[in-house]
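This report refers to the structure that appears directly beneath it.
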Number of protein chains: 2
Amino acid sequence: MSVTIKDIAQICKVSEGTVDRALNDRPGISKKTKEYILKVAKELNYTPNHLARGLAKGRSMTLGVILFDVRNPYFAKLMNAIEVKAREIGYVVFPIFTHHDPQNERKALEHFKTRQVDGIIMFSVQSGHEFEKELLDLKIPIVTIGNRISGGWTYVGINERESMKDAVKHVISQGYEEIIYICPPLTRRGEVNLYTLEERLAGCREGLSEMGKKEPLVIMDSDYIKAISQIDLESQPKKAIVCPADIYALEVLNHFKKNKIRVPEQVGLMGFDDIDTLKYISPRLCSVRYPVSEIGITAVNRLLEEIDGNHNKHLNVLLLQHQIVTGESL
Amino acid sequence: MSVTIKDIAQICKVSEGTVDRALNDRPGISKKTKEYILKVAKELNYTPNHLARGLAKGRSMTLGVILFDVRNPYFAKLMNAIEVKAREIGYVVFPIFTHHDPQNERKALEHFKTRQVDGIIMFSVQSGHEFEKELLDLKIPIVTIGNRISGGWTYVGINERESMKDAVKHVISQGYEEIIYICPPLTRRGEVNLYTLEERLAGCREGLSEMGKKEPLVIMDSDYIKAISQIDLESQPKKAIVCPADIYALEVLNHFKKNKIRVPEQVGLMGFDDIDTLKYISPRLCSVRYPVSEIGITAVNRLLEEIDGNHNKHLNVLLLQHQIVTGESL
DNA sequence: CTGAAAGCGCTAACAC
DNA sequence: GTGTTAGCGCTTTCAG
């Protein structure tokens with residue numbers, strides 16, 4: 001077995017309490033005995049047992065993280081920022097990837113409960129009253145990112161609606177008159193949490209309305225490529241395709257390339273997220289950039305404040321700035 | 001506080017031991033009391049405390065995972081596979097991203113030790129005797145992936161040397177006579193674990209030698225783009241650039257696009273890893289594909305066998321198949 | 001089949 | 001300053 005506090009206590013002929021005081025430099029111990037204990041501890045290659053400590057203190061120094069899928073570069077960036085920041089302040093993270101499955105999310109929360117995590121950062125799949133009750137029952141501080149749940153939980157992100165509104169206005173300012181909006185997940189309305197996507201769609205509508213343009217054509221088919229190919233994109237007035245995520249825009253772009261449809265000459269294209277991959281792709285996609293890593297870091301910082309109970313309860317929506325990235329696709 | 005076994009015991013008027021028997025369906029309990037206890041437990045919304053259980057059983061049901069950086073799509077895929085597989089069998093993972101920093105790796109191992117992880121999957125930054133001694137001192141089963149350490153630890157991956165040899169032979173078979181090999185991390189020789197990259201380079205050399213071609217020109221500058229731009233790529237004989245990672249090849253491709261150097265007409269290009277991103281990029285990069293997710297899954301499975309002590313000690317190198325992906329860049 | 005009690009390694013409150 | 005002791009919640013062994 002590993003060497004424990006008790007072992008050290010025996011060797012140093014002091015009590016476990018004294019060893020504890022030395023190891024965690026708590027007051028009430030003479031410099032001499034402290035140094036001696038530390039020396040012996042080092043010699044024995046002592047390492048504390050975090051399970052025992054967590055049990056005794058009621059704090060596991062662990063954060064749960066719920067995300068959709070790290071293979072999505074956006075989530076990878078978030079995951080990286082969260083892990084690095086958390087570790088910087090002595091925490092370690094348990095990530096669980098739900099892959100958009102509510103069942104996975106439920107199990108993840110249960111895992112976190114039994115594992116005694118001190119807090120949770122969650123990009124949630126679910127929403128609704130029942131879900132909120134579940135979350136409350138956990139009695140664990142939760143910070144939400146991306147998909148908002150309700151005013152009951154802190155939300156860190158961007159102003160989704162405004163950012164898409166700005167994006168659409170930018171598209172219009174480039175001379176486009178009609179917008180085709182692609183968002184397949186919307187077919188799961190009522191089934192999963194679509195806060196982010198609904199907000200973006202609303203922003204698109206608002207932007208168009210404010211610019212005096214007609215409603216967007218919204219495509220929610222999972223096979224949106226097929227849906228697009230049935231539209232006469234070159235008919236007047238000038239059309240642009242707007243996607244609330246770069247990954248859809250890239251699929252569309254691939255389709256266009258394959259069919260020799262030139263962007264932006266024949267049709268405009270706008271993405272969202274400004275994922276790092278874009279730098280390798282031409283034409284450079286217009287997109288919306290926002291500080292993903294900062295969202296992760298902010299979420300961790302806020303979660304810690306909530307764990308320690310010293311947070312501002314009235315300020316629980318933390319929004320960061322977005323920015324339109326002009327490219328060659330409009 | 002949360003409801004505990006003790007609470008249930010009091011309410012059911014039985015001992016804690018009996019409750020434990022019911023909850024973990026251990027033998028030696030009557031059907032009746034068991035059902036009663038389970039009913040009460042459900043009513044009270046009891047959730048076990050994993051810290052306490054881990055402490056008592058000496059098993060945390062947790063795996064440590066050490067990777068370079070999830071923002072690299074290759075690691076993201078690996079991370080995803082590991083997390084999903086681990087959870088499937090009741091484990092949860094602690095990932096730590098080293099960003100190629102030995103210091104981070106050292107701290108990660110310490111974290112894992114104090115956190116009592118049952119096993120570790122590691123893509124290591126370090127190597128050497130001293131490091132091996134450190135690993136042995138941990139007394140925790142470790143499975144290595146990517147960068148091999150030594151015969152002392154299980155290695156899951158591909159035959160790095162053969163795969164690059166095959167890649168190079170493919171390049172030559174396409175009519176190229178000279179190879180420019182790009183591998184910036186090699187400048188850190190002696191400082192970090194470069195097993196994978198050294199093997200690939202050796203494979204490149206072997207392949208060329210077997211095909212009767214001359215040695216490759218190896219570029220290790222961190223600013224390899226500048227180095228390339230100083231080479232006359234179009235001089236005879238026909239040249240191809242080979243990269244042991246797609247991410248370098250993409251940077252090179254970007255440079256070529258910017259400078260109107262056509263691939264493959266003016267120069268050939270070959271990558272490695274076949275990252276998902278490639279599907280969006282033209283020309284389609286030739287690359288080497290291997291089952292990344294399977295590597296993760298295999299590593300988890302093997303690690304579990306090692307934890308349970310029922311593994312084949314004589315078979316500790318697990319190699320999966322690679323495959324050349326032909327594209328438009330040669 | 002059930003209960004009692006010791007122990008996992010560490011913390012914290014209270015004596016001395 | 002230092003020692004003692006009672007937990008934290010769960011498992012496990014030994015009686016009965």
Side-chain angles (χ1 to χ4, degrees), chain A residues 1-38 40-41 44-62 90 112-118 139-140, chain B residues 1-38 40-41 44-62 90 110-118 139-140:
Chain A
M1 250 1 291
S2 257
V3 27
T4 72
I5 275 191
K6 196 193 242 169
D7 299 329
I8 298 178
Q10 275 173 356
I11 291 176
C12 296
K13 296 194 205 318
V14 293
S15 71
E16 294 181 38
T18 304
V19 175
D20 183 59
R21 277 181 272 255
L23 257 27
N24 300 291
D25 43 39
R26 260 187 273 282
I29 182 170
S30 78
K31 199 157 191 173
K32 223 178 94 185
T33 50
K34 180 169 175 178
E35 276 169 6
Y36 176 49
I37 290 171
L38 289 177
V40 172
L44 264 50
N45 196 16
Y46 166 81
T47 46
N49 182 325
H50 237 281
L51 297 186
R53 173 181 295 186
L55 184 58
K57 298 185 65 147
R59 268 249 205 164
S60 66
M61 298 301 281
T62 306
F112 290 160
K113 174 91 187 189
T114 70
R115 299 275 183 167
Q116 316 292 119
V117 303
D118 296 330
K139 294 188 182 69
I140 300 175
Chain B
M1 252 356 298
S2 254
V3 26
T4 72
I5 276 191
K6 195 192 242 169
D7 300 328
I8 299 178
Q10 275 172 357
I11 292 175
C12 294
K13 295 195 208 312
V14 294
S15 72
E16 294 181 38
T18 303
V19 175
D20 182 60
R21 278 181 272 258
L23 257 27
N24 300 292
D25 44 36
R26 259 187 272 282
I29 183 170
S30 77
K31 197 157 189 165
K32 222 178 95 186
T33 49
K34 180 169 174 176
E35 275 169 4
Y36 176 50
I37 290 171
L38 288 177
V40 173
L44 263 51
N45 195 18
Y46 167 79
T47 45
N49 181 325
H50 238 282
L51 295 186
R53 174 180 293 187
L55 184 59
K57 299 184 65 144
R59 268 250 207 166
S60 65
M61 297 303 281
T62 306
E110 208 179 306
H111 253 119
F112 290 161
K113 173 91 188 195
T114 69
R115 299 276 183 165
Q116 316 293 118
V117 303
D118 297 330
K139 294 189 183 70
I140 301 175

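Chain naming here is simple, since letters A, B, ... match the order of the sequence lines and numbering starts at 1 in each.
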Side chain of Arg21(A) only, please: which of dA13(C), dG9(D), dG9(C) is the nearest? dA13(C)

Taking for each residue the nucleotide of DNA chain C bearing the nearest heavy atom, is the 5' side occupied by Lys31(B) or by Ala56(B)? Lys31(B)

OP1 or OP2 of dC8(C) under 4.0 Å from side-chain N/O of Thr4(A): no

Is Ser15(B) close enough to dG3(C) that one of its side-chain N or O atoms is under 4.0 Å from OP1 or OP2 there? yes

Could you tell me the separation between the CG atom of Asp118(B) and the C1' atom of dC8(C), rounded to a whole number of Å? 15 Å

For residues Leu38(A) and Leu23(A), report the shortest heavy-atom separation together with the two atoms involved. CD2-CD1, 3.8 Å

Give Asp20(B) one of three labels, base, sugar-phosphate or nothing, depending on what nucleic acid heavy atoms sit under 4.0 Å from its own. base

Counting only side-chain heavy atoms from C-beta out, which of dT2(D), dC10(C), dA4(C) sits nearest to Pro48(A)? dC10(C)

Given atom CG of Leu55(B) and atom C1' of dT11(C), what is their separation to the nearest angstrom? 13 Å

Between Arg53(B) and Pro27(A), which has a closest nucleotide on DNA chain D that is more 5'? Pro27(A)

So which heavy atom on Arg115(B) is nearest to which on Gly90(A), and how close? NH2-O, 3.6 Å

Separation of Asn49(A) atom CG from dG7(C) atom P, in whole Å? 18 Å

Looking at every non-hydrogen atom in both residues, tell me the closest pair between Leu51(B) and Gly54(A) and how far apart they are. CD1-C, 3.7 Å

Is the phosphate of dC10(D), meaning OP1 or OP2, less than 4.0 Å from a side-chain N or O of Tyr46(B)? yes

Looking only at side-chain atoms of Ser30(A), point me to the closest of dG1(D), dT12(D), dG3(D). dG1(D)

5'-most contact on DNA chain C: Lys6(A) or Asn24(A), nearest heavy atom basis? Lys6(A)

Step-by-step side-chain contact (heavy atoms from CB on, under 4.5 Å) determination, Ile140(B) to Val117(B): CA-CA 8 Å; Ile140(B) 301 175; Val117(B) 303; 4.2 Å; yes

Return the value, rounded to whole Å, for the distance between atom CZ of Arg115(B) and atom C1' of dG9(C). 15 Å

Separation of Ile5(A) atom CD1 from dG7(D) atom P, in whole Å? 19 Å

What's the closest nucleotide to the side chain of Lys57(A) if the choices are dA12(C), dG3(D), dC10(D)? dA12(C)

Tell me the interatomic distance from Glu16(B), atom CD, to dG7(D), atom P, rounded to whole angstroms. 13 Å

Closest approach of Gly58(B) and Asp118(B), non-hydrogen atoms and distance? O-OD1, 4.5 Å

In whole Å, what is the span from the CG atom of Leu23(B) to the P atom of dG9(D)? 15 Å

